[in-house]
Amino acid sequence: MRGRFITLEGLEGTGKSTQIELLRERLSARGLRVRVTREPGGTPLAEKLRELVLHADSAEISPACELLMMFAARAAHLQGVIQPALAAGEWVLCDRFTDASYAYQGAGRGIPDAQIRSLEDMVQAGLRPDLTLLLDAPVQVGLARATGRRGAAAADRFEREGQDFFERVRAKFLDIAAHEPGRVKCIDADRPLEAIADDLEAQALKLLSLHEKNQPA
Ligand code: TMP
């Protein structure tokens with residue numbers, strides 16, 4: 001039986017990396033085979049693209065170039081990791097996916113949704129997450145945590161953006177959640193770690209009960 005594909009989204013500093021590890025532990029404890037991965041990244045080629053798109057100090061990376069790098073990394077990641085893992089029955093937990101392209105390159109950089117959709121159709125050939133967990137918090141909360149963690153000097157190309165950029169990104173994530181309430185669950189990330197982890201686990205377990213119902217007897 002095919003595994004399930006769960007993505008985590010949210011602004012920087014909303015605790016995605018910590019939460020994805022907690023979710024891995026909790027799902028593994030239930031006997032599921034879980035694969036944790038991230039975007040951009042997840043394969044050697046996609047990690048090289050990640051390094052370039054996040055850290056290249058270059059005006060050469062236009063919005064279109066940035067979008068294409070995200071989807072180039074995604075194509076490699078789907079082929080090399082996500083598709084084989086799902087086919088082998090693993091549950092894939094992915095730190096960011098295509099909703100981030102609509103939020104950052106779409107709302108953030110101004111690329112029309114229709115252009116992003118055509119790349120999504122080309123690269124994903126119908127594959128969409130079964131569940132997306134959106135960790136939502138006010139922009140200031142996330143940014144304060146993200147810069148506190150790394151220091152302003154070590155900020156990547158996105159972390160150097162201003163509040164307006166992140167307000168557009170956050171609004172887009174919330175808009176996607178409002179339009180796709182079946183797939184995208186919005187979780188208040190401005191709460192204690194354990195409370196957030198409990199909510200994420202509860203959402204994933206709903207998928208597990210659907211999964212079990214669909215298992216042949
Ligand atoms: P993070 O994984 O440490 O949060 O960093 C990844 C950065 O890449 C983050 O700022 C969001 C950005 N990003 C996009 O702009 N578009 C995308 O499609 C993805 C997957 C990430």
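Just follow the structure's listing: the first ligand is 1, and inside any ligand the first atom is 1.
Considering only non-hydrogen atoms, atom 10 (O) of ligand 1 lies nearest to E12 out of R74, E12, R109, H77.
Ligand 1 does not have R157 within reach: every non-hydrogen atom of the residue lies 4.0 Å or more from it. Taking 4.0 Å as the cut-off, L54 counts as a neighbour of ligand 1 on heavy-atom distance. Ligand 1 lies nowhere less than 4.0 angstrom from a heavy atom belonging to E66.
Using a 4.0 Å cut-off between a side-chain N of Lys or Arg and a carboxylate O of Asp or Glu, R170 and D175 do not qualify as a salt bridge. Ionic pairing of R145 and E12 is not present here: no N-O contact between side-chain nitrogen and carboxylate oxygen is shorter than 4.0 angstrom. Ion pair R24/E90 not flagged as a salt bridge, since none of the NZ, NE, NH1 or NH2 atoms sits closer than 4.0 Å to an Asp/Glu carboxylate oxygen. Ion pairing of K48 with E51 is absent here, as no side-chain N (NZ or NE/NH1/NH2) approaches a carboxylate O to less than 4.0 Å. Residues D113 and K172 are paired through a salt bridge, judged by an N-O separation under 4.0 Å between the basic side chain and the carboxylate. The pair E161-R168 fails the salt-bridge criterion, with no side-chain N (NZ, NE, NH1 or NH2) lying under 4.0 Å from an Asp/Glu carboxylate O. Taking a cutoff of 4.0 Å between a charged side-chain nitrogen and a carboxylate oxygen, E66 and R157 qualify as a salt bridge. Using a cutoff of 4.0 Å between basic side-chain nitrogens and carboxylate oxygens, K185 and D199 are not scored as salt-bridged.
Residue F158 approaches ligand 1 through these ligand atoms, each under 4.0 Å from one of its heavy atoms: 8 (O), 10 (O), 12 (C), 15 (O). Proximity to K16 (heavy-atom distance under 4.0 Å) selects the following atoms of ligand 1: 4 (O).
Taking only nitrogen or oxygen atoms, main chain and side chain alike, Q105 reaches within less than 3.5 Å of ligand 1. Remark: ligand 1 and R96 share an N or O pair separated by less than 3.5 Å (distance only, no angle test).
Contacts of E39 with ligand 1, taken as heavy-atom pairs under 4.0 Å, involve both backbone and side chain. Residue-level proximity to ligand 1 for V53 is absent, since no heavy atom of it falls below 4.0 angstrom. Proximity of R50 to ligand 1, defined as any heavy-atom pair under 4.0 Å, is confined to the side chain (atoms from C-beta onward). Contacts between R38 and ligand 1 below 4.0 angstrom, taking non-hydrogen atoms only, are absent altogether.
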